[in-house]
Peer 1: 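Just passing along the structure, written as structure tokens.
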Amino acid sequence: MQELIKKIRELKSRKNAVILAHCYQNVEIDEVADYVGDSLYLSRQAAKTDADVIVFAGVFFMAQTAKILNPTKTVLLPRKEAGCLMADMINHDQLIEFKSKHPGMPTVCYINSTAEVKAECDICCTSSNAVKIVESLHADEILFLPDTYLGKWVETKLGNVKVTTYPGYCPTHLRIKPDDILSMKEKYPKAKVLAHPECHREVVKLADYVGSTTGIMKFATESDDKQFIIATEKGVADRLKRDNPNKEFILVKENLVCHNMKWNTLEDIYNALAYNQYEITVDKEIAQKAIGCIDRMLEVSK
Ligand code: 13P
Ligand code: SF4
């Protein structure tokens, strides 16, 4: 593995490439990544990089967003199978139909959506800035898609905005049931429960802290507590264990993984750099429409 890491680092500097890795990736990918974080952090890095090549160790919508932000750069997704089941729950036509049922309402899309969908929305958001983005619209009522759970969590947090949601969801986060939390709490009564807002509402209600991937990691790292039940993808617990050996992190249920996020291996990253694969392209017209939606988010959450 050390030899492969060395070869990736050499190729990376020869090609003036940057590697962006989401916290749900296999943990060894951090050895070659320049930036590791949540969706917002990575899109900020993508927006300001001066590298010629961006390798996105994540899923398709992330690499596609990076390409929209960097039309002249080469953006690579090491495994072309790495999609997002939630993003695939709404396409352009389904969005148009959803909007036509609620005419005239501001439309917010989660960054976990395709370029075609972003092109028809007013602004996008990630889990770490969703509340701020919806607030920035100063509207009484908005449409939110595709994640119904993130949308409803934002509605609860704000209290004064009606959020009409599309019925999309993350299958990984929905695997967590309220009973999983309750039985873990019984086993570890002192542990704090940290949950992602993509979780079911009944799960979120049982959490001590709700936030994005980076939010959860920051909370656990800075907290004086020593034991945490982690209600999100396994990659977060793996990194927390690695970085906080004096604390205990219990993944709320076994094998809580997003299989799409786990496709990428170090070997795939090497192949991506060596053979320029798999290059992401976005239709020019769609990209031009979608960039406004992403830029507005970056502006609001500066
Ligand atoms: P964040 O990176 O915003 O925490 O979102 C998690 C996720 O599911 C990414 O696909
Ligand atoms: Fe999509 Fe859920 Fe996987 Fe994130 S964890 S990439 S939302 S399927």
Side-chain angles (χ1 to χ4, degrees), residues 20-26 29-30 33 35-46 56-66 77-90 108-114 117-118 124-134 144-151 153-154 157 165-176 194-200 203-204 207 209-220 230-240 251-253 255-264 294 297-298 301:
L20 308 181
H22 192 271
C23 297
Y24 294 170
Q25 292 288 292
N26 292 303
I29 284 174
D30 293 8
Y35 302 98
V36 182
D38 68 1
S39 306
L40 179 62
Y41 176 73
L42 297 178
S43 40
R44 280 189 179 134
Q45 296 307 329
F56 220 119
V59 290
F60 178 74
F61 75 81
M62 297 178 174
Q64 194 185 46
T65 304
L77 182 68
R79 287 294 287 257
K80 54 181 168 195
E81 311 89 320
C84 165
L85 297 173
M86 180 204 284
D88 291 343
M89 287 178 188
I90 186 163
V108 181
C109 62
Y110 195 16
I111 199 163
N112 300 36
S113 56
T114 60
V117 165
K118 288 187 179 83
C124 79
C125 72
T126 75
S127 63
S128 67
N129 63 15
V131 173
K132 197 170 176 183
I133 296 293
V134 173
F144 192 97
L145 58 110
D147 189 7
T148 192
Y149 295 97
L150 179 63
W153 177 70
V154 171
K157 290 283 279 185
T165 59
Y166 186 83
Y169 59 91
C170 166
T172 304
H173 286 90
L174 274 214
R175 275 190 56 214
I176 308 169
L194 315 184
H196 196 278
E198 286 174 16
C199 291
H200 194 281
V203 168
V204 161
Y209 172 83
V210 183
S212 75
T213 302
T214 302
I216 288 175
M217 293 179 71
K218 190 166 180 289
F219 182 92
I230 303 298
T232 188
E233 213 268 355
K234 183 175 176 289
V236 173
D238 291 343
R239 284 172 176 77
L240 281 167
L251 190 62
V252 70
K253 69 196 292 174
N255 206 25
L256 189 61
V257 296
C258 169
H259 295 288
N260 279 299
M261 282 282 187
K262 299 299 193 223
W263 275 118
N264 292 317
I294 304 163
M297 169 188 82
L298 292 172
S301 58

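Just follow the structure's listing: the first ligand is 1, and inside any ligand the first atom is 1.
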Peer 1: Working note: Ile176 + His196, criterion side-chain contact (heavy atoms from CB on, under 4.5 Å); need CA distance, chi angles, decisive distance, verdict.
Peer 2: CA-CA 11 Å; Ile176 308 169; His196 196 278; over 6 Å; no
Peer 1: Roughly how far apart are Asn260 CG and Phe60 CZ, rounded to 0.5 Å?
Peer 2: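 Rounded to the nearest 0.5 Å, the CG-CZ separation comes to 12.0 Å.
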Peer 1: Might you list the protein residues in contact with ligand 1, defined as having a heavy atom under 4.0 Å from one of its atoms, sorted by chain and number?
Peer 2: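 Shell around ligand 1 (4.0 Å, heavy atoms): His22, Tyr24, Asp38, Ser39, Phe61, Met62, Tyr110, Asn112, Ser127, His196, Glu198, Ser212, Thr213, Met261.
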Peer 1: Would you say the side chains of Asp38 and Thr213 form a donor-acceptor pair under 3.5 Å?
Peer 2: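 Side-chain D/A pair, Asp38 to Thr213: absent.
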Peer 1: Hydrogens and angles aside, do Ser128 and Thr126 bring a side-chain donor and acceptor to less than 3.5 Å of each other?
Peer 2: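 A donor-acceptor contact under 3.5 Å links the two side chains.
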Peer 1: Run through the protein N/O/S atoms less than 2.8 Å from atom 3 (Fe) of ligand 2 and write them out by chain and number.
Peer 2: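 Protein N/O/S atoms under 2.8 Å of atom 3 (Fe) of ligand 2: Cys258 SG.
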Peer 1: Using side chain to side chain donor-acceptor pair (under 3.5 Å) as the criterion, list what pairs up with Lys132, not counting sequence neighbours.
Peer 2: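 So Lys132 forms no side chain to side chain donor-acceptor pair (under 3.5 Å) with any residue.
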Peer 1: Measure the acute angle between the ring planes of Phe219 and Tyr209, then classify it against the limits of 30° and 60° as parallel, tilted or perpendicular.
Peer 2: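 Geometry flag for Tyr209 against Phe219: parallel rings.
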Peer 1: Report the distance from atom CG of Asp147 to atom OG of Ser127, rounding to the nearest 0.5 Å.
Peer 2: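 Those atoms lie 9.5 Å apart.
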Peer 1: Could you give me the CA-CA distance, side-chain angles and deciding distance for Ser301 and Leu40, then say whether side-chain contact (heavy atoms from CB on, under 4.5 Å) is met?
Peer 2: CA-CA 9 Å; Ser301 58; Leu40 179 62; 4.0 Å; yes
Peer 1: What pairs with Glu198 under side chain to side chain donor-acceptor pair (under 3.5 Å), at least two apart in sequence or on another chain?
Peer 2: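 Side chain to side chain donor-acceptor pair (under 3.5 Å) check on Glu198 returns Tyr110, His173.
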